[in-house]
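Here's the structure we're looking at; comments come further down.
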Amino acid sequence: MDGELRDLATKLDRDARVEPLTFEQPEGREVYWHSSAHLLAQAVKQLFPEAKLAIGPPIDDGFYYDIDLGRPFAPEDLEKIEGRMRELAARDQPIERVEVPRDEAIRTYKEMGEKYKLELLEGIPDPRVSFYRQDGFMDMCRGPHLPRTGLIKTIKLLSTSGAYWRGDEHREMLQRIYGISFPRQEQLDEFLRQLEEAKRRDHRRLGKDLKLFAFAEELGQGLPLWLPRGATVRRLLENYIVNLELQHGYLHVYAPDLASVQLYKISGHWDYFREAMYPPMKVDNDELVLKPMNCPHHIMIYKQDQRSYRDLPVRIAELGRMYRYEKSGTLTGLHRVRSMTLNDAHIFCRQDQVKEEFAAVVRLIQQVYQDFRITDYRLDLSLHDPKDRQYYHQDEELWMTAEGLLHEVLRELGLTYNAVVGGANFYGPKLDVQVRTATGKEETLSTVQLDFLLPKRFELEFIGEDGKSHRPVMIHRAIISTMERMMAFLIEYYAGDFPVWLAPEQVRVLPIADRHLDYARNVRDRLTAAAVRVELDTSNERISYKVRRAQVDHVPYMLVVGDKEASSGQVAVRSRGAGDLGPIPLETFAARIMEEVAAKQ
RNA sequence: GCCGGCGUAGCUCAGUGGUAGAGCAGCGCACUCGUAAUGCGCAGGUCAUCGGUUCGAGUCCGAUCGCCGGCUCCA
């Protein structure tokens with residue numbers, strides 16, 4: 001109604017533009033799932049009257065309700081609740097909006113002992129608050145809701161978990177029940193099918209199947225081993241990005257994995273991130289930590305020379321290995337690890353160069369994404385929150401300048417982006433490239449961060465045209481993220497089908513019978529000499545089985561060789577995606593694959 | 001770190017207190033085969049680890065380690 005979400009039963013007391021909502025629209029799904037959450041709460045209250053309700057909102061895929069039961073929900077409880085929800089939906093009761101004076105709501109909730117609802121009420125200043133009633137069950141809610149419970153046709157409770165009340169780890173741990181519902185059974189089936197599909201793309205699954213990386217319990221949590229095939233892909237990524245950066249004026253360096261705590265005290269990270277660093281080890285009169293980041297090291301490198309305004313910008317880059325003591329519960333596959341190598345760089349420049357340097361990084365990101373054929377991402381411009389005086393340094397003017405600059409660059413580049421207030425680092429605003437994992441979680445792949453603070457803390461300077469000392473600005477940036485995260489992302493993005501230029505095994509030679517082994521070896525050696533990553537299947541199996549194995553191993557090209565090929569110097573090419581392509585001369589194939597690699601196909 | 005679930009062969013999984021199983025992978029033999037699974041055989045396990053209950057534990061209980069789903073965090 002006039003662009004606002006309202007109940008279907010709302011009285012039309014004025015001229016208004018009215019649009020109906022269906023499940024096909026995001027807002028429609030929101031209402032549908034919100035009502036489903038209420039149904040969940042109703043079922044829980046009927047089965048467990050002592051349960052206290054907290055909040056139950058819709059989410060991207062379904063809904064949840066946070067409940068305090070005093071104990072966890074068992075899987076059998078979920079089944080019972082789901083069954084009760086179906087019964088309640090089948091009764092098809094009307095859902096009505098009721099407005100109640102605030103103090104009456106407080107009185108009722110006090111009587112019921114609903115302490116979370118009472119706390120929510122404290123945050124609502126309005127004299128009247130709205131409730132929704134269905135079948136004798138009332139829940140405080142802004143709404144709107146479905147007109148009848150019977151519209152909820154299929155229900156599936158997916159999981160339970162603990163969740164802190166109001167997201168505060170110092171407060172009560174509530175039980176959260178996640179669920180999903182649809183108007184039609186086929187939609188639920190499709191949803192569950194997609195969940196299965198996501199599991200097949202999951203880099204943890206594929207990483208194991210394709211022997212790319214592994215973890216060992218004996219080795220320690222969050223410390224990945226790069227297996228030969230995964231290491232090959234990583235080396236290709238590293239060579240690619242280092243060469244590209246060298247072409248763009250970056251200077252590549254190396255720094256040690258250990259550093260004095262002193263360094264991070266100067267940078268300020270010790271104050272902010274001490275708990276996430278490995279504890280210091282005492283050596284002689286010093287305390288050393290495993291380095292959690294590379295910036296201070298690059299700053300030390302900048303400080304090795306007296307810099308002139310003519311030298312700037314100085315772009316110092318490193319595939320920097322870092323160690324972070326991430327909380328054990330947050331580690332997942334290669335996405336979150338405790339040892340990682342960042343495609344890091346720090347650009348030291350003059351104020352008047354910031355815009356151009358920032359723009360150059362954004363353009364470089366665009367080029368890299370094109371090379372990897374990554375098209376599905378979002379740009380987030382993370383800004384400071386002026387109200388958060390604890391976290392952010394207080395030079396408000398500096399923030400305004402910095403953030404204004406970034407807005408300007410992005411506008412000039414013609415990019416659409418999403419502004420996130422409160423997303424900035426303590427030292428400055430940043431631009432993040434956000435992507436999704438196979439399991440639907442969002443994460444940052446690339447980042448460009450402005451920093452006016454560290455140059456001050458480390459007293460960086462350069463000599464200006466005027467012969468006086470000036471302070472440079474720093475830009476922190478990572479394009480292909482950490483090798484670990486990029487690997488995880490690419491595995492999932494390509495669903496294990498690496499493009500030829502990145503495939504750990506580009507070609508597999510498949511002889512028809514044992515008498516073709518000599519020719520097959522010949523083919524393999526010719527391709528190896530041409531720097532093609534090729535392997536030979538010498539197993540004593542039928543050709544269809546060898547083909548199957550190569551397909552399962554996600555090898556992009558299979559070369560079938562038998563009598564015909566051996567006698568004519570040809571290979572029968574089969575592509576992983578397109579199937580049998582027929583015989584061509586070996587030299588033609590070699591030339592073609594080298595072209596594809598050069599074109600990053 | 002917190003809440004919950006899980007841990008059996010290289011992988012996927014069965015095994016509800018009474019002698020550890022299957023398929024795939026591996027190895028051997030035979031077949032020498034034309035584009036997603038040839039047949040037969042063999043081997044493979046301190047049932048994550050440690051402790052407890054029991055005449056007897058893969059199974060029940062506790063602790064530890066690890067993994068999974070969330071929460072919190074993410075320079």
Side-chain angles (χ1 to χ4, degrees), chain A residues 64 66 71-75 77-78 158-178 199 202 204-205 208-209 211 214-222 264 267-277 291-296 322 324-333 335-336 342 344 391 423-428 430 439 441 443-444 447 449 451 453-454 476 478 485 510-517 539-553 558-565 572-576 579-583:
Chain A
Y64 67 78
D66 281 350
R71 64 163 179 95
F73 285 102
D77 295 332
L78 276 199
L158 297 167
S159 62
T160 57
S161 76
Y164 300 110
W165 168 234
R166 302 220 137 165
D168 184 343
E169 64 178 318
H170 302 295
R171 301 207 54 184
E172 297 89 329
M173 172 72 76
L174 309 175
Q175 298 303 316
R176 177 172 296 179
I177 299 178
Y178 283 92
K199 261 187 218 160
D202 192 314
R204 289 167 296 192
R205 166 90 262 140
K208 187 178 271 190
D209 287 349
K211 300 194 182 308
F215 291 91
E217 196 173 325
E218 301 87 330
L219 197 155
Q221 260 190 307
Y264 300 104
S267 72
H269 290 98
W270 184 247
D271 293 333
Y272 281 103
F273 298 110
R274 191 184 327 190
E275 315 74 49
M277 289 164 68
K291 80 170 169 184
M293 50 168 1
N294 309 304
C295 351
M322 319 179 296
R324 293 180 181 181
Y325 180 61
E326 303 281 2
K327 289 183 189 171
S328 60
T330 66
L331 302 170
T332 26
H335 281 132
R336 275 288 274 286
L342 185 65
D344 208 356
Y391 189 70
N425 292 324
F426 68 84
Y427 49 71
K430 60 175 178 168
T439 46
K441 278 193 281 286
E443 65 182 13
T444 304
T447 184
Q449 314 180 348
D451 182 356
L453 188 68
L454 281 183
H476 308 239
R485 179 169 288 191
L510 312 176
I512 299 273
D514 287 354
R515 67 173 177 282
H516 308 119
L517 266 172
S539 71
N540 201 5
E541 287 289 348
R542 277 148 179 66
I543 192 64
S544 52
Y545 184 77
K546 293 179 189 174
V547 166
R548 176 185 157 76
R549 284 283 288 269
Q551 290 282 156
V552 167
D553 290 344
M558 288 146 263
L559 299 182
V560 176
V561 294
D563 292 331
K564 280 179 279 181
E565 289 77 16
V573 181
R574 181 189 164 99
S575 139
R576 172 181 58 203
D580 194 351
L581 300 177

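Keep in mind that the numbers below use all heavy atoms, side chains included, and drop hydrogens, waters and symmetry copies. Letters A, B, ... mirror the listed sequences (proteins, then strands); counts begin at 1.
Partners of A:Y545 according to the side-chain hydrogen bond (donor to acceptor under 3.5 Å, both in side chains) rule, which considers only residues two or more places apart in sequence or in another chain, are A:R549. By the side-chain hydrogen bond (donor to acceptor under 3.5 Å, both in side chains) test, A:T447 is found to be paired with A:D432, A:Q449, residues two or more places apart in sequence or in another chain being considered. Looking at residues two or more places apart in sequence or on another chain, you find a side chain to side chain contact (heavy atoms under 4.5 Å, CB included) between A:Y164 and A:E169, A:M173. Under the rule for a side-chain hydrogen bond (donor to acceptor under 3.5 Å, both in side chains), the partners of A:Q551 that lie at least two apart in sequence or sit in another chain are A:R574. With sequence neighbours excluded, the residues forming a side chain to side chain contact (heavy atoms under 4.5 Å, CB included) with A:A513 are A:R515, A:H516, listed by chain and number. With sequence neighbours left out, A:W165 forms a ring-ring contact (aromatic ring centres under 6.0 Å, His included) with A:Y116. In this structure A:S539 satisfies the side-chain hydrogen bond (donor to acceptor under 3.5 Å, both in side chains) test together with A:D537, sequence neighbours excluded. Taking the side chain to side chain contact (heavy atoms under 4.5 Å, CB included) definition, one finds that A:S161 meets it with A:R176, A:Y178, sequence neighbours left out.
Between A:R324 and A:M293 there is a side-chain heavy-atom pair separated by less than 4.5 Å. The closest side-chain heavy-atom distance from A:K546 to A:V560 is not below 4.5 Å. Between A:M277 and A:W270, the closest side-chain pair of non-hydrogen atoms falls below 4.5 Å.
Rounded to whole Å, the separation between the P atoms of B:G44 and B:G21 comes to 13 Å. Atom name P, nucleotides B:C68 and B:U32: the rounded distance is 48 Å, in whole Å. Atom name C1', nucleotides B:A9 and B:A43: the rounded distance is 11 Å, in whole Å. As rounded to the nearest Å, B:A30 and B:U49 have C1' atoms that lie 45 Å from one another. Going from the C1' atom of B:G45 to that of B:A36 covers 32 Å, rounded to whole Å. Rounded to whole Å, the separation between the P atoms of B:U8 and B:A14 comes to 10 Å. Only the C1' atoms considered, B:G58 is 15 Å distant from B:C6, to the nearest whole Å. On the P atoms, B:C61 is 15 Å away from B:U53, given to the nearest whole Å.
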N/O-N/O pairs, protein side and nucleotides 70-72 of chain B side, under 3.5 Å:
residue: B:G70; atom: OP2; partner: A:K441; partner atom: NZ; Å: 3.1
residue: B:G70; atom: O3'; partner: A:Y178; partner atom: OH; Å: 3.0
residue: B:G70; atom: O2'; partner: A:S161; partner atom: OG; Å: 2.3
residue: B:G70; atom: O2'; partner: A:Y178; partner atom: OH; Å: 3.3
residue: B:G70; atom: N2; partner: A:G162; partner atom: O; Å: 3.4
residue: B:C71; atom: O4'; partner: A:G162; partner atom: O; Å: 3.2
residue: B:C71; atom: O2'; partner: A:Y164; partner atom: N; Å: 3.0
residue: B:U72; atom: O2'; partner: A:E169; partner atom: OE2; Å: 3.1
residue: B:U72; atom: O2; partner: A:K327; partner atom: NZ; Å: 3.4

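In this structure, A:A276 reaches the bases: a heavy-atom distance under 4.0 Å links it to at least one base atom across the strands shown. Across all strands, A:Y427 comes closer than 4.0 Å only to sugar-phosphate atoms, never to a base (heavy-atom distances). Contacts of A:F273 with the nucleic acid, taken as non-hydrogen atoms under 4.0 Å apart, include base atoms.
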(request) Toss me the dot-bracket line for RNA chain B: Watson-Crick and G-U wobble, both under 3.5 Å, 5' to 3', using | for pairs to another strand and [ ] for crossers. (result) (((((((..((((....[..)))).(((((.......))))).....(((((..]....))))))))))))....

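Of the side-chain N and O atoms in A:Q449, none sit less than 4.0 angstrom from OP1 or OP2 of B:A75. Close to B:C68, at under 4.0 Å from its OP1 or OP2, lies a side-chain N or O of A:R204.
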(request) Report, as a single string ordered 5' to 3', how protein heavy atoms within less than 4.0 Å touch nucleotides 5-12 of chain B: B base, S sugar-phosphate only, - not at all. (result) ------SS

(message) Counting primed atoms plus P, OP1 and OP2 as sugar-phosphate and everything else as base, spell out the protein contacts along nucleotides 32-37 of chain B at 4.0 Å heavy-atom distance: B, S or - for each nucleotide, 5' to 3'.
(response) BBBBBB

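When all heavy atoms are compared, the tightest approach of A:L342 to A:A478 is CD1-CB, 3.8 Å.
Separating the CG atom of A:L342 from the P atom of B:A75 is a distance of 12 Å, rounded to the nearest angstrom. Nucleotide B:G69 holds its P atom 11 Å from the NE2 atom of A:H335, rounded to whole Å. One atom, CE of A:M293, and another, P of B:C74, lie 13 Å apart when rounded to the nearest Å. The distance between atom CZ of A:F215 and atom P of B:C65, rounded to the nearest whole Å, is 18 Å. For the pair A:L158 CG and B:C68 C1', the computed distance is 15 Å after rounding to whole Å. Across the protein-nucleic acid pair, A:L331 atom CG and B:G66 atom C1' stand 11 Å apart, rounded to whole Å.
Here the OG1 atom belonging to A:T439 is positioned 6.0 Å from the CG atom belonging to A:D202, to the nearest 0.5 angstrom.
With respect to the salt-bridge test (charged N to carboxylate O, under 4.0 angstrom), the residues A:D168 and A:R166 do not qualify.
Toward the 5' end of RNA chain B, the nearer of the two residues A:C295 and A:Q221, judged by each one's closest nucleotide, is A:Q221.
Between A:F426 and A:H269, the angle of the ring planes goes over 60°, which puts this pair in the perpendicular group of the 30/60° scheme.
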